[in-house]
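The chain is numbered in sequence order, starting from 1.
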Amino acid sequence: MWMDLVGTWSGALSLAVILICAVGIPGAVVIALMRQVKGPIELAHEPTVSAVKHTAWHDQRYAHD
């Protein structure tokens, strides 16, 4: 069976694609979880440090945010 699969170019390429998918996808997930890669939604919810100084009226008016 293995000789039939690997004996042709299409079989060898199919086996390579299967191995890449079997190792690459879980590996990428593990790396993303270890590095805690954040997507655009997580980045949008992070508090940002604003360099803009507001007046006391502005701070009082928008304190509930």
Side-chain angles (χ1 to χ4, degrees):
M1 179 180 129
W2 287 102
M3 289 307 294
D4 293 334
L5 182 63
V6 183
T8 62
W9 282 105
S10 62
L13 290 175
S14 297
L15 183 62
V17 168
I18 291 170
L19 290 176
I20 288 171
C21 290
V23 174
I25 294 172
V29 170
V30 168
I31 290 171
L33 290 174
M34 286 176 25
R35 292 186 180 195
Q36 294 181 354
V37 176
K38 295 182 180 181
I41 295 174
E42 290 89 357
L43 292 175
H45 287 291
E46 283 187 351
T48 57
V49 178
S50 178
V52 177
K53 294 289 184 179
H54 296 289
T55 62
W57 174 87
H58 183 276
D59 293 338
Q60 182 182 5
R61 171 71 172 89
Y62 297 103
H64 63 279
D65 288 343

| Is the number of heavy atoms from other residues, nucleotides or ligands within 6.0 Å of CG (L43) greater than 12? | yes
Looking only at heavy atoms, the pair that brings C21 and P26 closest together is O-CD, 3.7 Å
Contacts of W9 meeting side chain to side chain contact (heavy atoms under 4.5 Å, CB included) (sequence neighbours excluded), chain-then-number -> none
TODO: Give a yes or no on whether E42 atom CD has more than 12 heavy-atom contacts from other residues, nucleotides or ligands under 6.0 Å away.
DONE: yes
The side chain to side chain contact (heavy atoms under 4.5 Å, CB included) partners of L19 (sequence neighbours excluded) come to L15
Separation between CD (Q60) and NE2 (H58), nearest 0.5 Å, reads 12.0 Å
